[in-house]
Amino acid sequence: MAFPASGRPLNSLNMNDLTANWKRKDLLSIEPLHREEIETIHQLARRFKELQASNPSSIPSLRGRTVLNLFIEPSTRTRIAFEIAAKRLGADVTLVEKAASSLVKGESLRDTAQVVEALQADVIVLRHSAAGSPQYLSQIVKVPVINAGDGAHEHPTQALLDTFTMREHLGDSLEGKKVTILGDILFSRVARSNIFALQKLGAQVTLSGPATLVPANFEKLGVTVELNLRKALADADAVMLLRIQHERQTSTHFPSLDEYKSMYGLNQARGAWLKPEAIIMHPGPVNRGVELDSSLADSGRSVILEQVANGIFTRMAVIYLCLSACGKTKDTSQ
Ligand code: ASP
């Protein structure tokens, strides 16, 4: 993992060194981040991963702090990873889901958030189907807000864990590495966050899939749109599959899932178009047999479960950094 600007090796840095360059209260999106900020998150995630393996009791404690998981849209791995991340840091976690909250009784997000703040949550992790809601929330509450996915806009911690996992496999520097994102790009917050993160880290991004879900105007973001799947896969160092985001589509973008599978599903035959060392990624949930065959999802080339595990360390880093920017990383239990 890259050394910081000081040139000192990562293992010689203490928590203060690792957090010194982070000034943001919130993590709302990848788009405005500088490359150095992504490096800072990755370095701290790396440190947490090493400590977890070697000496878990030396992980700095956020005991006495409360992380509130406000999940207004369904989630399994993101919600659980944030929960485990907070607990590994010694913080308390409270979960509010839409069905079990007053939001179903018509309470606004603003009111819910203010109540939550009055209850003294120290961090709010928000997943919401409306793009921009974490930003809106961050303007209302004083505590850090972390975006856990907002509509088709961004899913910043997913891109952070994806690029962290790529760095572990493809080499510390992603400069010049080729990453192909295949599937429903149009409605994917994962694609958007990854496009920003990968470009900031120097990687080259190619998008592929049905033309209706991979509009050519994405090229304005500086990526290559390659609708010929064979070409899109041929020189990739990593391929990231995306699920069809039915919940965000308002019209039909291809005839049927069977059609999608027959044209774009990654199966053994198409997997052979990849370089032998290319890795296969998926943010989950995987629709097995549609965008990805089980034989590949469960193969040695798949890093899908490593992505899930790395999601804990990257989210520990994000929670810790946002609290450190507010001067709230001290253990409050003593
Ligand atoms: N889990 C990812 C997300 O929340 C990807 C997906 O749902 O397909 O956006």
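Reckoned from all heavy atoms, side chains included, excluding hydrogens, waters and symmetry mates. Just follow the structure's listing: the first ligand is 1, and inside any ligand the first atom is 1.
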Side-chain contact test, heavy atoms from C-beta onward, threshold under 4.5 Å: evaluate it for Ile41 versus Trp22 and give yes or no.
yes
Would a 4.5 Å heavy-atom cut-off, applied to side chains only, mark Met15 and Leu44 as touching?
yes
Tell me whether Glu226 is salt-bridged to Lys178, with the criterion being a basic N under 4.0 Å from an acidic carboxylate O.
no
Under-4.0 Å salt bridge between Glu175 and Arg35:
yes
Shell of residues surrounding ligand 1, defined by a 4.0 angstrom heavy-atom cut-off that is strict
Arg127, His155, Arg189, Val190, Arg243, Gln245, Gly284, Pro285
Go through it in stages, so that I can follow the logic: the residues are Arg192 and Asp150, the test is salt bridge (charged side-chain N to carboxylate O under 4.0 Å, His left out), and I'd like the CA-CA distance, side-chain angles, deciding distance and then a yes or no.
CA-CA 11 Å; Arg192 289 176 58 81; Asp150 61 330; over 6 Å; no
Which pairs count as ring pair (Phe, Tyr, Trp, His ring centres under 6.0 Å) when at least one residue sits in residues 258-309, sequence neighbours excluded?
Phe254-Tyr260, Tyr260-Tyr264
